[in-house]
Structures are given as structure tokens and as C-alpha cells.
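Order of the sequence lines sets the chain letters (A, B, ...), proteins ahead of strands, with each chain counted from 1. Reckoned from all heavy atoms, side chains included, excluding hydrogens, waters and symmetry mates.
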Amino acid sequence: MSSKKLGCNFYNQKTLQVAQKLLGKFLVHKIGQKKIVGMITETEAYCGPKDLASHASRGRTPRTEIMFGQPGYAYVYLIYGMYYCFNIVTERKNYPAAVLIRGIISDQRGRRRPSHSSRQNRRVLPDQQGLDFINGPGKVCRYMKIDKKLNGLDLTENKFWVENRGVRIKKPTIKKGKRIGVDYAGKYKDKLWRFYIKNKK
DNA sequence: CCTGGGATTTTCT
DNA sequence: GAAAATCCCAGGA
């Protein structure tokens, strides 16, 4: 079985590298006896203190402190009052960088979404192969049951991690695009720092 | 196809 | 007090 949890060394590489290498890796969240699993299909890189799209570009704040920490930790924040976004901290301590997980595929067909405010009990629509495509950082967190309690968690421990199951994404199947929702970021807004697997978006 | 607005709360100014 | 690394739905063309 080639199923190996990614360690600190993996995350301590250039963020643009980590963002691409995370495609095809599996996110695992263990809750009691159960695991929620999804294969990562879309990521975005947030690279260093000068990246105006990054929360860390305005320096250390209570929220962004984790981005300045060790690689391999979870950075989870709430946006628009109702959605969480999950990132993985990359690169060395004191260099603020992270990869946002924007999309996954799950093989757990027909799961009900966790109830959420007034919108309850809607199903994730499976495709013909019985896979659930989950596109968007807010939906990834809803599906994986990621919330602020996981902020600051060490992803090399045994609660929430990323593992390699031997899926290899060939270079030509990795597509690049502009990051989403960062029009305010000046010359950084058009960087092609979003990565996704061809035909899995 | 497109545009616009509501939900809801943390964060920074 | 405004904006935010979002999502969903309604309405018009």
C-alpha cells in the first residue's frame, strides 16, 4: 500500500511547488472512528509578505500569525461571515506563505451535507462515476467538516492530514489560472498562482 | 448566457 | 463601519 502521510519536508518547499504537488494528494479528516477523505483537485498559492492578495501582506496580526509559523500547519479562517477557508502553511518559519485548498473529489457518494443555517439536507450531486466534485474553498470546508477549531493544527499529527496514495498527476494535466476574488491585489491580482487538474474543475 | 443581492461575522481602519 | 482568498438563488436577456 502506497499511502503515506506528507511530512514537514513536503511543506517546506517553494509555495508554488507545494501548490502543484498537492494536486492528486488526499486530504483526510479523522472524526472519531470515521474518516472524511477527498482528493485535492484545485489549489491556490499565497506567496510571502509582498503578495498583496495574501492576508500576510499587511504584516503579523492575530489572524495571520499562523502563516508566519512552521510549514505543515492548518490556517483556517472565516470569510463573509459564513464560510471557512482551509490553507496549509508552507516554507520556513517567519516567511508567511500558504496554499488554499479550493477543490476536491470525494468517492463518498450521496453524503448529506452538514446542515448549515437554513439550507439543509441537500445532496452533493454525484457524477456518473459516483464521484462528488466539490469546487470552491467554502464547499471543501463544509464537506470535510473543517472549521476554526482546526486552525493551527499540525498536519503531521493524527487528526487531520494529507497523504500520498500513489496518484501521479502528469505535468501537462496541471492547468494554471488567475487566483479568484483578489482583484484588489494590484500587480499580484493576475499572477497565475491557481492550479487545477485538467477536466477536474 | 449574464448581473445583482442576501446571508453573516471577523478583522482591520 | 467597510470589506472580505464565498456561495446560492432570482430575474432578465
Side-chain angles (χ1 to χ4, degrees), chain A residues 11 14-20 22-23 27 38 40-69 71 73-91 95-106 111-127 132-153 155 162 175-197 200-201:
Chain A
Y11 303 110
K14 289 287 188 188
T15 304
L16 294 176
Q17 281 294 308
V18 178
Q20 290 172 80
L22 279 171
L23 298 174
L27 194 55
I40 297 170
T41 56
E42 184 180 357
T43 61
E44 273 178 8
Y46 289 84
C47 303
K50 288 190 286 200
D51 178 0
L52 294 175
S54 171
H55 293 160
S57 66
R58 306 217 208 149
R60 288 188 185 234
T61 65
R63 181 173 63 161
T64 61
E65 188 62 27
I66 186 69
M67 287 187 76
F68 288 81
Y73 282 70
Y75 170 42
V76 181
Y77 64 90
L78 184 66
I79 191 168
Y80 302 114
M82 57 189 312
Y83 294 105
Y84 292 102
C85 288
F86 165 58
N87 303 249
I88 302 176
V89 176
T90 58
E91 306 201 43
Y95 185 84
V99 174
L100 171 67
I101 306 302
R102 291 193 61 89
I104 59 175
I105 290 175
S106 169
R111 273 186 82 244
R112 280 188 188 279
R113 288 173 171 164
S115 62
H116 189 270
S117 67
S118 61
R119 309 182 213 271
Q120 295 185 12
N121 284 336
R122 276 171 309 157
R123 286 177 182 279
V124 174
L125 297 173
D127 76 349
D132 295 338
F133 285 73
I134 294 140
N135 59 320
K139 286 187 276 188
V140 167
C141 288
R142 186 170 57 190
Y143 194 90
M144 294 293 303
K145 299 197 181 202
I146 297 167
D147 64 24
K148 205 141 187 232
K149 291 194 294 289
L150 300 185
N151 187 41
L153 208 74
L155 297 174
V162 184
K175 307 297 274 184
K176 302 179 198 337
K178 294 178 186 178
R179 292 177 294 179
I180 305 294
V182 296
D183 285 347
Y184 56 84
K187 66 178 183 179
Y188 286 87
K189 78 182 174 68
D190 294 325
K191 298 281 187 190
L192 300 179
W193 288 354
R194 181 166 63 95
F195 304 98
Y196 54 94
I197 304 174
K200 301 271 193 298
K201 186 171 68 74

Grab the N/O contacts between the protein and nucleotides 1-4 of chain C below 3.5 Å, and write none if there aren't any.
none

| What is the distance from CG of A/Asn151 to P of B/dT10, rounded to the nearest Å? | 13 Å

| query | Would the number of heavy atoms belonging to other residues, nucleotides or ligands and lying under 6.0 Å from CZ of A/Arg60 be above 12? | reply | yes

| said: Can you tell whether the side chains of A/Arg179 and A/Glu44 come within less than 4.0 Å, N to carboxylate O? | reply: no

| request: Scan A/Arg63 against the nucleic acid and name what it touches under 4.0 Å (heavy atoms): base, sugar-phosphate only, or nothing. | output: sugar-phosphate

| Choosing from C/dA5, C/dC7, B/dT11, which nucleotide comes nearest the side chain of A/Lys148? | B/dT11

| task | Among B/dA7, B/dC12, C/dA5, find the nucleotide with the atom closest to the side chain of A/Met82. | result | B/dA7

| remark: Sequence neighbours excluded, the answer for salt bridge (charged side-chain N to carboxylate O under 4.0 Å, His left out) partners of A/Lys14 is none

| query | Whole-Å distance between C/dT6 P and A/Glu42 CD? | reply | 11 Å

| said: Taking ring-ring contact (aromatic ring centres under 6.0 Å, His included) as the definition, give me every residue that meets it alongside A/Phe86, ordered by chain and number, with sequence neighbours left out. | reply: A/Phe160

For residues 182-189 of chain A, tabulate all N or O donor-acceptor pairs below 3.5 Å that involve a side-chain atom, not counting sequence neighbours.
residue	atom	partner	partner atom	Å
A/Tyr184	OH	A/Ala53	O	3.4

| request: For A/Lys178 and C/dA5, give me the distance from atom NZ to atom C1', rounded to whole Å. | output: 16 Å

| message | Applying salt bridge (charged side-chain N to carboxylate O under 4.0 Å, His left out), can you list everything that pairs with A/Lys149, at least two apart in sequence or on another chain? | response | A/Asp147

| query | Tell me: CD1 of A/Ile180 to P of C/dT6, nearest whole Å? | reply | 8 Å

| message | Taking only side-chain N and O atoms of A/Arg142, does any of them lie within less than 4.0 angstrom of OP1 or OP2 on C/dC8? | response | yes

| remark: Symbol by symbol from the 5' end, with Watson-Crick or G-U pairs under 3.5 Å, [ ] crossing and | another strand, DNA chain C is ||||.|||||||.

| query | Using the C1' atom in both, what is the distance from B/dT3 to C/dA5, to the nearest Å? | reply | 22 Å

| said: Between C1' on C/dA5 and CD1 on A/Ile88, what's the gap in Å once rounded to a whole number? | reply: 15 Å

| request: For B/dC12, take OP1 and OP2 only and decide whether either is under 4.0 Å from a side-chain N or O of A/Thr61. | output: yes

| said: Please tell me whether A/Tyr75 and A/Tyr77 form a close aromatic pair, meaning their ring centres lie under 6.0 Å apart. | reply: yes

| said: From OH of A/Tyr143 over to C1' of C/dC7, roughly how many Å is that when rounded to an integer? | reply: 18 Å

| field | Atom-to-atom span, OH of A/Tyr84 to C1' of C/dC7 - whole angstrom | value | 15 Å

| Donor-acceptor contact present, side-chain A/Glu91 to main-chain A/Thr15, <3.5 Å | yes

| A/Tyr73 atom OH, neighbour heavy-atom count above 12 within 6.0 Å | no

| said: How many whole angstroms separate atom CD1 of A/Ile101 from atom C1' of C/dT6? | reply: 16 Å

